[in-house]
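Here is the structure we will look at, set down as structure tokens.
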Protein chains: 2
Amino acid sequence: MTKIAGLDDQLCFALHAASRTMTNAYRAGLPEIGLTYPQFITLVALWEQDGTTVSELGARLHLDSGTLSPLLKRLAGMGLIERRREAADERRVSIHLTPEGRALESRAAAIQRDIFQGIDITDSEAEALLSLAHRFTAAAESTTQTSR
Amino acid sequence: MTKIAGLDDQLCFALHAASRTMTNAYRAGLPEIGLTYPQFITLVALWEQDGTTVSELGARLHLDSGTLSPLLKRLAGMGLIERRREAADERRVSIHLTPEGRALESRAAAIQRDIFQGIDITDSEAEALLSLAHRFTAAAESTTQTSR
DNA sequence: CGCAATTGAGTTGTGCGCAATGTACTTTGG
DNA sequence: CCAAAGTACATTGCGCACAACTCAATTGCG
């Protein structure tokens with residue numbers, strides 16, 4: 001057989017579509033606080049752990065400097081974070097939340113709650129999806145001989 | 001509570017990461033046939049049903065003309081598809097596979113098989129993930145009052 | 001010590017994704 | 001029959017994602 005399965009049977013397509021639909025759902029609330037989805041998720045990482053370097057942040061978000069540098073520049077421009085060149089190793093830049101950036105967490109949490117309340121999915125379904133998505137990511141990443 | 005859950009607990013982040021990791025996995029094989037992942041998935045839709053209009057294709061892929069127009073232009077430039085202005089309604093453009101585009105299906109199928117063989121995930125896990133991803137997409141889409 | 005290799009961040013170029021807008025064509029209502 | 005409304009596609013602008021590259025700082029090895 002040399003045929004390819006139809007669109008709906010493609011796992012890759014389903015993941016792609018789910019991800020974009022989700023980004024779309026966030027687009028309903030995040031603009032209120034002036035954020036895009038990737039900016040939001042970057043702040044989530046910082047709310048969890050502040051003061052990390054760009055590359056450390058990139059490792060957690062699975063993003064490289066080519067994506068993060070301009071994104072962080074925009075967040076700094078909004079006054080939500082600060083970029084500090086480190087004294088010990090001047091190649092490194094550490095990222096620090098400003099008071100404004102820290103203050104955004106509660107508003108973002110409220111927006112996120114609203115978004116998920118609107119989605120008709122059970123807790124157990126969400127949990128299963130979360131753990132399977134992690135499984136898939138881990139499995140797919142281990143095959144790709146990541147060079148970074 | 002005004003805090004936001006950690007990165008690993010974010011369903012949204014897990015979906016985002018899974019989708020990008022998967023795109024990355026395809027990046028290992030698709031360049032052989034000169035395609036990006038969205039171009040590949042567009043061809044999958046055409047292999048499934050040829051001769052549709054741009055908007056019909058967009059509905060199936062959940063993409064709008066702003067994304068599809070340049071993408072289709074690139075595919076046409078590679079000689080894989082043809083764009084025909086319809087006689088009956090000249091606003092419409094129908095998309096048709098060329099023999100070269102049709103011939104690509106078997107090669108693409110082989111590449112896809114290789115990619116999935118490298119991913120250590122069971123059939124039942126893949127099926128569960130597929131169906132949950134569909135569930136999520138449907139649930140999240142129904143809340144967003146989509147105007148298109 | 002001195003210089004080559006490595007590392008951390010940034011820049012550039014290409015393509016995707018989407019909102020907003022533009023343009024040509026078709027349908028509808030008077 | 002013609003003007004207004006609606007439709008199908010294209011274009012523009014912005015941000016994300018990633019590869020490839022540059023540059024400066026640091027590390028390591030002779």
Side-chain angles (χ1 to χ4, degrees), chain A residues 12-13 16-28 30-31 34-42 52-59 61-78 83-95 141 144 146-148, chain B residues 12-13 16-28 30-31 34-42 52-59 61-78 83-95 141 144 146-148:
Chain A
C12 55
F13 178 71
H16 201 61
S19 170
R20 285 186 295 118
T21 304
M22 188 269 313
T23 305
N24 222 40
Y26 274 86
R27 219 185 305 277
L30 287 182
L35 295 180
T36 66
Y37 174 72
Q39 289 164 6
F40 164 74
I41 207 69
T42 301
T52 61
T53 66
V54 172
S55 56
E56 216 271 321
L57 202 53
L61 296 169
H62 301 107
L63 293 173
D64 67 4
S65 68
T67 301
L68 273 180
S69 285
L71 191 156
L72 293 172
K73 211 178 242 181
R74 280 186 281 272
L75 288 178
M78 298 180 213
R83 296 137 54 76
R84 299 194 202 134
R85 192 58 69 169
E86 289 196 0
D89 183 342
E90 292 203 354
R91 289 170 306 182
R92 303 219 226 176
V93 170
S94 61
I95 308 297
E141 235 169 19
T144 316
T146 121
S147 56
R148 33 179 150 166
Chain B
C12 54
F13 178 72
H16 201 62
S19 171
R20 285 186 296 117
T21 304
M22 188 268 314
T23 305
N24 226 35
Y26 274 86
R27 220 186 303 276
L30 287 181
L35 295 179
T36 65
Y37 173 71
Q39 289 164 8
F40 163 73
I41 207 68
T42 301
T52 62
T53 65
V54 173
S55 56
E56 217 271 320
L57 203 53
L61 297 169
H62 302 109
L63 293 173
D64 69 2
S65 68
T67 301
L68 274 180
S69 285
L71 190 156
L72 292 172
K73 212 176 242 180
R74 279 186 282 272
L75 289 178
M78 298 180 213
R83 295 139 51 76
R84 298 194 201 133
R85 191 60 68 170
E86 289 196 359
D89 184 341
E90 291 205 353
R91 291 169 305 181
R92 302 212 213 184
V93 171
S94 60
I95 308 297
E141 236 169 18
T144 316
T146 119
S147 56
R148 29 177 152 174

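Chain A is the first sequence line, chain B the second, and so forth, proteins listed ahead of strands; every chain is numbered from 1.
Taking atom OH on B:Y37 and atom C1' on C:dG15, their separation rounds to 15 Å, with Å as the unit. Computed from coordinates, the A:N24 CG to C:dC18 P distance equals 6 Å when rounded to whole Å. Atom CG of A:L75 is separated from atom P of D:dG15 by 11 Å (rounded to the nearest Å). We find that CZ of B:R20 is positioned 20 Å from P of C:dG15, with the value rounded to whole Å. Rounded to whole Å, atom P of C:dG10 lies 12 Å from atom CD of A:E86.
A:T23 comes within 4.0 angstrom of nothing in the nucleic acid, heavy atoms only. Here B:T36 lies in heavy-atom contact (under 4.0 Å) with sugar-phosphate atoms only. Residue B:S55 is classed as a sugar-phosphate contact, given heavy-atom separations below 4.0 Å to backbone atoms only.
When distances run from any side-chain atom of B:D64 to the nucleotides C:dC18, C:dG8, C:dG10, the shortest one goes to C:dC18.
Put simply, the side chain of A:S65 and the base of C:dG10 share a donor and an acceptor less than 3.5 Å apart.
Comparing A:R83 and A:H16 by the nucleotide of DNA chain C that holds the closest heavy atom to each, the one mapping nearer the 5' end is A:R83.
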Contacts under 3.5 Å, N or O only, protein and nucleotides 22-29 of chain C:
{"unit_1": "C:dT26", "atom_1": "OP1", "unit_2": "B:E90", "atom_2": "N", "d": "3.3"}

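In this structure B:E86 satisfies the salt bridge (charged side-chain N to carboxylate O under 4.0 Å, His left out) test with no other residue, sequence neighbours excluded.
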